[in-house]
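Here is the naming used below: chain letters follow the sequence lines, and residue numbers restart at 1 for every chain.
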There are 2 protein chains.
Amino acid sequence: MIPSTMQDFPLSVAAILRHGARVYGRSECVTWTGGGPPRRATFAAIAGNAERLAAALARLGVRRGDRVATFCWNNQEHLEAYFAVPAMGAVLHTLNIRLFPEQLAHIINHADDQVVIVDDSLVPLLARVVHELPAVEAFVVVGDGDASPLQANGNGAPVLRYHDLLAAEEPGFGWPDVDERSAASMCYTSGTTGDPKGVVYSHRSTFLHAMAVQSASMIGITEADRVLTIVPMFHVNAWGLPYGAFLSGATLHMPGPFMQPEHLTEFIAAEKSTLASAVPTIWNGILAHGDQHEIDLSSLRAGTSGGAAAPRILLERFEQRYGLRIIQGWGMTETSPLGGMAFPPPGVEPGTAEDMDWRLKSGRVAAGVEMRIVDDAGAELPWDGEAVGEIEVRGPWITGAYHRDPAPAKFDGGWLRTGDIGTIDDRGFFQITDRAKDVIKSGGEWISSVELENHLMAHPAVAEAAVIGIPDPRWDERPLACVVLRPGAAATPGELAAFLAGKVARWQVPEYWTFLDEIPKTTVGKFDKKPLRADHKAAKLKVEHVER
Amino acid sequence: MIPSTMQDFPLSVAAILRHGARVYGRSECVTWTGGGPPRRATFAAIAGNAERLAAALARLGVRRGDRVATFCWNNQEHLEAYFAVPAMGAVLHTLNIRLFPEQLAHIINHADDQVVIVDDSLVPLLARVVHELPAVEAFVVVGDGDASPLQANGNGAPVLRYHDLLAAEEPGFGWPDVDERSAASMCYTSGTTGDPKGVVYSHRSTFLHAMAVQSASMIGITEADRVLTIVPMFHVNAWGLPYGAFLSGATLHMPGPFMQPEHLTEFIAAEKSTLASAVPTIWNGILAHGDQHEIDLSSLRAGTSGGAAAPRILLERFEQRYGLRIIQGWGMTETSPLGGMAFPPPGVEPGTAEDMDWRLKSGRVAAGVEMRIVDDAGAELPWDGEAVGEIEVRGPWITGAYHRDPAPAKFDGGWLRTGDIGTIDDRGFFQITDRAKDVIKSGGEWISSVELENHLMAHPAVAEAAVIGIPDPRWDERPLACVVLRPGAAATPGELAAFLAGKVARWQVPEYWTFLDEIPKTTVGKFDKKPLRADHKAAKLKVEHVER
């Protein structure tokens, strides 16, 4: 054995910050103000403010490893915290502003946040839980808005102003050396079941993920880009774009609270954004806005979409109306999030049906991430685009645990069980077909509930359809289709089964049917199948049977 | 302090190989054969062969940490060794086929190479030292050519055939887990002074460097690329292109021994290379070939040049004649090598004088590399494009030592002293102006010998000029210009000094001059200033003085 002669140089958030500040000091963070001129700060200025913020936090008593939370929109100050907190050796905890109060209080306390940085416009939301946060030692309010509701915290924690704190400090904070495997930031999953789970990113994972974001095979941002980060900065590090921008020099466009389509499209047109990243709901909103208004998206070289599968019609409309190609990416809080993006392979002509088919894949495995699919018994399945199994991932920016929650069921010998069910083809394109908890296991084969639902909802008489697996003595499980008919429409189970027959394999067609007035929904509007399963178990559903 | 929850997943050559084999299994390595059809192998096939090669090497007794050398051109088998040897936990030592015999024997013995893989066409070159390699336990010959000269090795080491060895094995070798900081490969500098020094790359540095190669801000190779790697694979990992290709899916074009311009241009035209990477000498050869022949470079989206500064005229001619933009990169054996590339900033119109000025920079600091310039006293100098100092670098793919050679003078508190003198501007573009050993230190300021030489050689009467520093009681050093006049031409020191006066600062103009019949040269054709300094010290030069 001989030793490597390479330097033992840690991958760190401070290194990302130094690169952006020195090599791309002229690149900008542009924050939309909803009316007046946008606020502009160069990366060099951001770096100076991050140094001031770190000095102020240190003065407040923040030490290595302490947690500093943000409860903020996407804006310049949030970006400053993205760098200052990890670079000073503390841990940035980005709080989801859309959580229920009890969840919000739970995760602040679970993470043991000592300082909370909050946008003035969000003070009322945070104030709902401020009396339940015994560990918080200071609140730092961004902006000049009313901060008095935070005074009611039970700790006597001071309520300070972000800009006062920074004004009292000088730049030049000396970033400490950090172990690259130490905690840099954390984010809780917004799981629909149970308490949110905390994922703690390291300096190493953050740096590597930022390198991946600027890979030419992935988003490939460069200094020539102006990236509108619609995806919230409280949502998995805004998909790594802020850190990727400092490695690559891409200008960042921050919408602040102005998430409405009219603001976003005005921002794009005014500042000539070259990329925009958002969930399908936002893209849908932009499309609907474009139905009524003249919008100019011509500066965008692409859009990226993630968080949920984008429907074909969405991708088609953007392409047809605006010549805008939306590329889907896949990831989770647990995966930092970049797991893959669905760029079609070379040689595929943009705008063709083939191109669209590729873009409807969930993604193609990113370099740095390893993926596999496994069956119920844990056996690895082939990458043939046919075999269906649970997707598992591993790699240097994939979580291997949850914060203060061992949850071993989520891991399989070093691999993260994603809970997504799907296929992988021989070029690493994967297609998610269902969630593991929803897939129907029938006779050793898996039936996608999502696929049946999509087909059923294409029937003219069907308003909504949710399919669940119910116990079956012979097949283990069989699908039960829960259908809501359109007002005034009629359809029998036999008719609907016949409608499905040509679209899915014969053995996948449900023989059990029930008609409901509505499908129960979660707080974020997704079908909630738990009450359906409970109602079926309690024999509360009127189930009709048709012969297979 | 809270722990990160990220997986402890090692960055490794095996991970690069797995990604290329699975996600880009259809991409190819195409080896030129100089006449017949090129040899083609998919990345999936390369991976299978790498598994066979590892099995064969293990059978020969190669264990973790053992060194396996290659003495090969750029070809498929060399690529297989690039993956097999590190992935099995051994260390790949790429031997420079252009070394003098005594240097070659020295580094094989210094590295303690146990197996040498050699192309049949290179057997005669290796045979010159085969009796001086006591530690080599086996020679493995690629191809069917005469291998008998290797039998004369003094060890009784067997001389085996690469393809026989692979044919006797099955794919499926299980790559072991490795510590990412363990040695993966090594390369010796081809320093013009003293013995070559060994740099040992780690799995971690190799993976990170491959990520950098596919960064959109750098070469940015993707699956759509076909990369002609003219830069030898024995020269700093072929600039990381083979590993970058397996992360990104770029097809690799390997010229084998066919390095002549007619072969290279035929390869580009036949296989539609999209990128080509070579030293300026090779680019010059292609240009000269194009003077006489019709060549088609239209498939190239860019060329990259490194290893030495490319003259302006070279970049201009390629752009004017072929519309080909050559981008310069900077690096060293010690830096893996990617330290920076001279892509102009956004907004600069290709083909303009401004574009050319940017492209004549030595590079722009790569994300992952930190750079600074320091003066004689070790003080850091500003990034203002004016201050001149020695360039120092640090980062995860920069060496911090040499193999079995502490050489502390090359390091400065964790930074590698590059031995290059230059400036850095406020956007991280750096310009190398001289080598540290050649720069002239006069009155606390530095004078670039290279700059004076370039100006002098532009004078119509001057064939060659080398400038050295000579001791001066008042200024520490002053420049002595050593000039070779063109046959039949005449120029006095006063005339030449006047010629320089408008081109460099007045205090930089040499007052000491000598005229020679020729400038001494190194074996690679560079000016050798050591004999000039020795001759001056021994008062063997006839020095003329002109008033400043």
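- Note on G428(B), G414(B), A401(B): by heavy-atom pairs under 4.5 Å with chain A, the leading option is A401(B).
- Looking at D425(B), there are no atoms closer than 4.5 Å to chain A (heavy atoms on both sides), in backbone or side chain.
- Of the listed residues (G368(B), G198(B), A216(B)), the greatest number of heavy-atom pairs within a distance under 4.5 Å of chain A belongs to A216(B).
- Looking at I16(B), neither its backbone nor its side chain comes within 4.5 Å of chain A, counting heavy atoms on both sides.
- The pair D179(B)-R204(B) does not meet the salt-bridge criterion, since no charged nitrogen lies less than 4.0 angstrom from a carboxylate oxygen.
- Looking at L416(B), the atoms closer than 4.5 Å to chain A (heavy atoms on both sides) sit in the backbone and in the side chain alike.
- For chain A, the nearby part of V91(B) is the side chain; its heavy atoms alone come within less than 4.5 Å.
- Proximity to chain A (any heavy atom under 4.5 Å) is shown, for H403(B), by both the backbone and the side chain.
- Geometric assessment of R22(A) against the ring of W383(B) yields a positive cation-pi assignment under the 6.0 Å and 45° thresholds.
- Relative ring orientation between F411(B) and Y402(B) is described as tilted, the plane-to-plane angle lying within the 30° to 60° band.
- The backbone N or O of M6(B) sits nowhere less than 3.5 Å from a side-chain atom of S202(A) that would complete a donor-acceptor pair.
- Neither the backbone nor the side chain of V348(B) comes within less than 4.5 Å of any heavy atom of chain A.
- A salt bridge links D112(B) and R67(B); the closest N-O separation between the charged side-chain nitrogens and carboxylate oxygens is under 4.0 Å.
- Residue I424(B): no heavy atom, backbone or side chain, is found under 4.5 Å from chain A.
- By number of non-hydrogen pairs under 4.5 angstrom with chain A, the leading residue of R364(B), R64(B), R63(B), R181(B) is R364(B).
- For a residue to count as touching a neighbouring chain, one of its non-hydrogen atoms must lie under 4.5 Å from one of that chain's; by this rule E223(B) touches chain A with backbone and side chain alike.
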